[in-house]
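For clarity, every value in this text was computed on a predicted model and none was experimentally measured. We use all heavy atoms of the structure for the numbers below, so side chains are in, but hydrogens, waters and symmetry mates are not.
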Amino acid sequence: MATSYMDYTLPTTEFTYDLSNNPLFKKDENNYINALSIKQLNTLGNVSLLDIFLNTGNVVEPHTHQNATELVYCISGAAVVSLINPFTNELLHFPITPGQVANVPQGWWHYEVATADHTHLLAIFDAPVPEAIFGSDTLRLTPAKLLAYTYCLDEKKVQEALAPIQKTVIIGPPADCQPSTAPASNGAPNVNHQPYVMPNVQPNMQPNTQPNNQPNMQPYVNRLPYWGTWVDPRIIHEPGCPYYTELPVNTNNQEER
């Protein structure tokens, strides 16, 4: 719905816009995203969009939109829209071809993978300016020490794995990506690196509508402690974790209160 307080008689009123004038991200000539929001077209109401161009194997990286639902429409080519349903804890894959759509509810973790060259997607949002939290930012900004401690991982391996992520990726793999593959026997680098292919994805795949019948399984919202409460890590940590060291707990603030 358009804003009711706007004066449409003003000479600054905008009714048309060329999205090529507002690139959001460009990996190369075949993989890029242009954006349109109320910042570019002031007569837009509660709607915005991303114009997405991808070649085979390129990925709009895992991310969430905290303020909008996303409707992905395939104009040309083909892609797989994947999302995690937080109510069933399932990873779902939805292949789309020209004329087909996939819908991602607000706040759900998702990503898109192009499965054909010259794929053109239109992502439509029910917000005047779409917001996003990208997986690359979550990984590079969360301390490796915390990730290792929380998930019982080897901190050095976590640091090594995440070290190449120095900025927001948006379209992956990055243009300067050097895949970790074993060298050929003659010492020459392996140049036959294949693009990522979605496994076991069938056309027109339907989501799993069967209820979760695991015995005594409570909804996911009841399986975690209330936020703001402190839980002794010795209670919830995996027993026998070789990387476990108890973090110091500062109780000075609590005593002062």
Side-chain angles (χ1 to χ4, degrees), residues 16-37 39-41 47-65 68 70-83 91-104 109-125 129-140 162-181 188-205:
T16 185
Y17 186 79
D18 184 348
L19 271 73
S20 64
N21 293 328
N22 188 42
L24 172 70
F25 181 83
K26 185 174 184 179
K27 174 181 175 180
D28 54 41
E29 294 299 324
N30 297 310
N31 299 278
Y32 59 94
I33 302 174
N34 296 327
L36 177 70
S37 72
K39 294 180 179 180
Q40 290 77 45
L41 192 61
V47 66
S48 53
L49 61 85
L50 296 178
D51 205 17
I52 305 171
F53 299 85
L54 301 169
N55 263 2
T56 304
N58 282 270
V59 182
V60 178
E61 69 161 314
H63 62 284
T64 64
H65 299 288
E70 176 181 353
L71 181 66
V72 184
Y73 175 73
C74 183
I75 298 173
S76 63
V80 176
V81 179
S82 299
L83 57 84
L91 175 62
L92 306 175
H93 307 289
F94 301 99
I96 56 174
T97 54
Q100 297 180 332
V101 301
N103 193 55
V104 182
W109 189 251
H110 66 286
Y111 53 93
E112 293 89 15
V113 181
T115 54
D117 285 342
H118 309 297
T119 292
H120 186 189
L121 306 174
L122 198 64
I124 306 165
F125 303 90
V129 180
E131 299 172 354
I133 300 173
F134 292 100
S136 55
D137 291 333
T138 302
L139 291 173
R140 70 187 180 90
L162 300 182
I165 308 176
Q166 296 295 320
K167 58 185 178 180
T168 310
V169 172
I170 300 185
I171 296 179
D176 59 352
C177 174
Q178 298 295 326
S180 299
T181 54
N190 186 344
V191 296
N192 295 320
H193 177 66
Q194 299 298 316
Y196 176 79
V197 178
M198 294 298 301
N200 302 323
V201 177
Q202 301 298 324
N204 302 318
M205 181 178 181

A.B. asks: Find out whether P174 and E61 are in side-chain contact, i.e. whether some heavy atom of one side chain is under 4.5 Å from a heavy atom of the other.
C.D. replies: no
A.B. asks: Are side-chain N/O atoms of H118 and H120 paired as donor and acceptor at under 3.5 Å?
C.D. replies: no
A.B. asks: So does L54 get a backbone contact from the side chain of K27, meaning a donor-acceptor N/O pair under 3.5 Å?
C.D. replies: no
A.B. asks: Do the non-hydrogen side-chain atoms of L36 and D51 ever get within less than 4.5 Å of each other?
C.D. replies: no
A.B. asks: How long is the straight-line distance from CD of Q40 back to OG1 of T16, given to the nearest 0.5 Å?
C.D. replies: 12.5 Å
A.B. asks: State the CD-NE2 distance between E70 and H63, to the nearest 0.5 angstrom.
C.D. replies: 5.0 Å
A.B. asks: Of the non-hydrogen atoms in P23 and N34, which two are nearest, and what is the gap between them?
C.D. replies: CA-OD1, 3.3 Å
A.B. asks: I want to check something: taking the side chain as every heavy atom from C-beta on, are H65 and V104 in contact at a cut-off of under 4.5 Å?
C.D. replies: no
A.B. asks: Side-chain contact test, heavy atoms from C-beta onward, threshold under 4.5 Å: evaluate it for R140 versus T168 and give yes or no.
C.D. replies: yes
A.B. asks: Measure the spacing between CG of D18 and CG of L41 and express it to the nearest 0.5 Å.
C.D. replies: 11.5 Å
A.B. asks: Short question: side chain of T119, backbone of A78 - any donor-acceptor pair under 3.5 Å?
C.D. replies: yes
A.B. asks: Nearest 0.5 angstrom please: I165 CD1 to K167 NZ, how far?
C.D. replies: 12.5 Å
A.B. asks: Please name the pair of heavy atoms, one in K26 and one in E29, separated by the smallest distance, quoted to 0.1 Å.
C.D. replies: NZ-OE2, 2.9 Å
A.B. asks: Taking D117's backbone N and O only, do any of them form a donor-acceptor pair with N55's side chain (distance below 3.5 Å, no angle check)?
C.D. replies: no
A.B. asks: Any side-chain heavy-atom pair from I171 and F25 closer than 4.5 angstrom?
C.D. replies: yes
A.B. asks: Tell me if a side-chain donor or acceptor on S82 pairs with a main-chain N or O of H93 at a distance below 3.5 Å.
C.D. replies: no
A.B. asks: What is the ring orientation for Y32 with F53, classed by angle as parallel under 30°, tilted 30 to 60°, or perpendicular over 60°?
C.D. replies: parallel
A.B. asks: Distance check, rounded to the nearest 0.5 Å: L71 atom CG versus I124 atom CD1?
C.D. replies: 5.0 Å
A.B. asks: To the nearest 0.5 Å, tell me how far N58 CG sits from D28 CG.
C.D. replies: 6.5 Å
A.B. asks: What verdict does the side-chain contact (heavy atoms from CB on, under 4.5 Å) test give for V72 and F94, after you've listed the backbone C-alpha separation in whole Å, the side-chain angles of each residue and the deciding distance to 0.1 Å?
C.D. replies: CA-CA 11 Å; V72 184; F94 301 99; over 6 Å; no
A.B. asks: I need the minimum non-hydrogen distance between L49 and F125, along with the two atoms involved.
C.D. replies: CA-CD1, 4.1 Å
A.B. asks: Locate the shortest heavy-atom distance separating V60 from Y111; write the atom from each residue and the value.
C.D. replies: O-CB, 3.2 Å
A.B. asks: Going by heavy atoms in the side chains, are Y73 and I96 under 4.5 Å from each other?
C.D. replies: no
A.B. asks: Ignoring hydrogens, what is the shortest heavy-atom contact between I52 and A123? Give both atom names and the distance.
C.D. replies: CD1-CB, 4.0 Å
A.B. asks: How close do S37 and P130 get, counting heavy atoms only, and between which atoms?
C.D. replies: CB-CD, 4.4 Å
